[in-house]
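Notes to accompany the following structure.
Quick note on labels: first sequence line is chain A, next is B, and so on, each numbered from 1. Computed from a predicted model, the values in this text were never measured in an experiment.
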Amino acid sequence: MAAKFSIPVPRDFILARDVCSYGYFLLAPSHWDPSTASYLTTLDTGGRAVTVRITQGEATAPTGVRELARRRGIPLAVKADVALGKAEQAVVAGLLGRMFRVDEDHTVLSGYHKVDPRWKKSGRGRLMRSGTLFEDVIKTVTSCNVTWPSTIIMNRRMCEIVGRKSASGLFAFPTAARLARTRPQKLRARCSVGYRDQRIIKLAKMFAKDVGPALPRKLAAKGIAWPTGKQGGFTAWLESPQTTDEHVFAALMELPGVGPYAAANIMQLLGRYARLPLDTESIRHAKSILKFTGTDRELMKKLHAHYEPFGEHRFRSYWFELWEFYEAKRGPAWTWERETTGKTFTAALLAD
DNA sequence: GGTAGACCTGGACGC
DNA sequence: GCGTCCAGGTCTACC
């Protein structure tokens with residue numbers, strides 16, 4: 001028998017707005033269904049894969065922004081494709097809670113809207129992410145040095161080739177342990193990850209053992225130490241509010257396949273929004289929307305200066321400027337189909 | 001510390 | 001259908 005349960009959300013939470021807020025909602029195993037305003041995903045609960053459908057209020061397409069707003073704060077209805085015990089249900093709720101950032105309640109977002117009132121009316125502020133930090137790291141690595149359609153393919157194939165299959169016949173994102181056991185040749189040949197094969201497996205081994213990379217002497221001299229070897233707890237260390245942004249960034253930069261862009265992006269996925277993951281898309285934004293001029297280096301400086309006033313929330317302001325542009329081009333994000341609209345997000349296709 | 005070139009894949013384009 | 005070119009961030013070697 002299928003399991004049904006509900007998850008409480010902050011009073012300003014709107015599923016359609018807060019899920020369709022970052023590109024990862026278009027990547028497997030995520031599947032947003034615009035016709036029913038429901039979010040479908042498959043989660044690896046540790047021993048098996050469970051497919052869940054999440055709705056908020058009516059399982060119908062929102063007729064507009066006002067109708068969407070009426071769903072605000074309604075607890076999420078979760079329907080799983082199999083019966084769940086209490087412990088497994090708690091795992092599912094925990095993974096979904098991380099994805100939807102339910103820890104960021106209205107007080108957090110009202111603080112943000114004071115700094116940047118442009119998004120107060122729409123209530124934008126939350127950014128969808130994955131159920132685990134490991135999945136966020138791999139998704140970030142698969143978004144580097146490729147166009148968006150290739151990122152979609154890599155994530156879909158990693159789910160299908162390495163992930164667990166649910167009773168519904170859908171695939172979860174592979175756990176670190178499963179990816180750690182995969183041969184690089186298989187990843188490259190069947191998941192189209194290219195030269196990222198070894199890097200992904202190295203990352204998987206680190207996260208499976210929950211240890212960080214070897215600590216370079218330079219960083220040790222600065223007093224930056226993260227859990228390595230038998231100490232464990234690398235993920236918890238990264239997610240701990242006690243760990244400074246500077247130390248988290250330095251640690252992430254030591255991960256294989258992670259450079260300045262990826263490290264800054266993983267930081268926002270960790271809920272640390274002060275750093276900007278600037279890339280070629282940022283350059284396009286600077287030129288076409290902000291009307292900045294100059295060399296790429298100069299544009300980067302201007303971008304940093306532009307977002308400086310938003311302080312600890314810099315990334316949110318940067319991202320929602322981009323998102324507003326995408327929605328102006330493609331319509332509200334909660335109307336996007338993964339297989340059609342969702343594939344069109346590349347700098348070249350979005351250029352004026 | 002800064003820079004050049006290699007790393008791969010999928011898509012666009014020309015023939 | 002084939003070949004060529006291009007986009008994309010990280011890594012390594014070199015100055």
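Rounded to an integer number of Å, the gap from CG of A/Leu278 to C1' of C/dG9 is 13 Å. Taking atom CD1 of A/Ile138 as the reference point, atom P of C/dG9 lies 18 Å away to the nearest angstrom. Between A/Asp296 atom CG and C/dG9 atom P there is a gap of 11 Å when expressed in whole angstrom units. With rounding to whole Å, A/Arg284 atom CZ is found 13 Å from C/dG9 atom P. Rounded to whole Å, atom P of B/dG10 lies 10 Å from atom CZ of A/Arg196. Atom CE of A/Met154 and atom P of B/dG10 are 8 Å apart (whole Å). At whole-Å resolution of the value, CD1 in A/Ile153 and P in C/dG8 are 16 Å apart.
Tracing side-chain contacts under 4.5 Å through hydrophobic residues (I, L, V, M, F, W, Y), one never reaches A/Leu109 starting from A/Leu127; they form parts of separate clusters. Linking Ile, Leu, Val, Met, Phe, Trp and Tyr whenever their side-chain heavy atoms come within less than 4.5 Å puts A/Tyr39 and A/Val102 in one cluster.
Ion pairing of A/Arg126 with A/Asp12 is present here, as a side-chain N (NZ or NE/NH1/NH2) and a carboxylate O approach within less than 4.0 Å. Electrostatic pairing of A/Asp136 and A/Arg129 does not count as a salt bridge here, judged by no charged N lying under 4.0 Å from a carboxylate O.
The cationic group of A/Arg316 lies under 6.0 Å from the six-membered ring centre of A/Tyr273 and within 45° of the ring axis, placing it in a cation-pi geometry. The side-chain tip of A/Arg118 does not point at the ring of A/Phe320 from less than 6.0 angstrom away and within 45° of straight on.
Dashed line: the shortest gap from a side-chain N or O of A/Arg188 to OP1 or OP2 of B/dC7 is not under 4.0 Å. Side-chain N/O atoms of A/Arg157 include one lying less than 4.0 angstrom from OP1 or OP2 on B/dG10. OP1 or OP2 of C/dG8 sits under 4.0 Å from a side-chain N or O of A/Thr280. Not one side-chain nitrogen or oxygen of A/Ser150 sits closer than 4.0 Å to the OP1 or OP2 atom of C/dG8.
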Which atom pairs link the protein and nucleotides 10-13 of chain C when you take only N or O atoms and keep those under 3.5 Å?
unit_1	atom_1	unit_2	atom_2	d
C/dT10	OP1	A/Gly259	N	3.0
C/dT10	OP1	A/Gly259	O	3.3
C/dT10	OP1	A/Tyr261	N	3.4
C/dT10	OP1	A/Ala262	N	2.8
C/dT10	OP2	A/Tyr261	N	3.4
C/dC11	OP1	A/Gly257	N	2.5
C/dC11	OP1	A/Val258	N	3.3
C/dC11	OP2	A/Val258	O	3.2

(Q) Using side-chain contact (heavy atoms from CB on, under 4.5 Å), reason through A/Glu324 and A/Trp119 one step at a time and then give a plain yes or no. (A) CA-CA 10 Å; A/Glu324 187 177 55; A/Trp119 319 107; 3.8 Å; yes

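Using a 4.0 Å heavy-atom cutoff across all strands shown, A/Arg190 reaches no nucleic acid atom at all.
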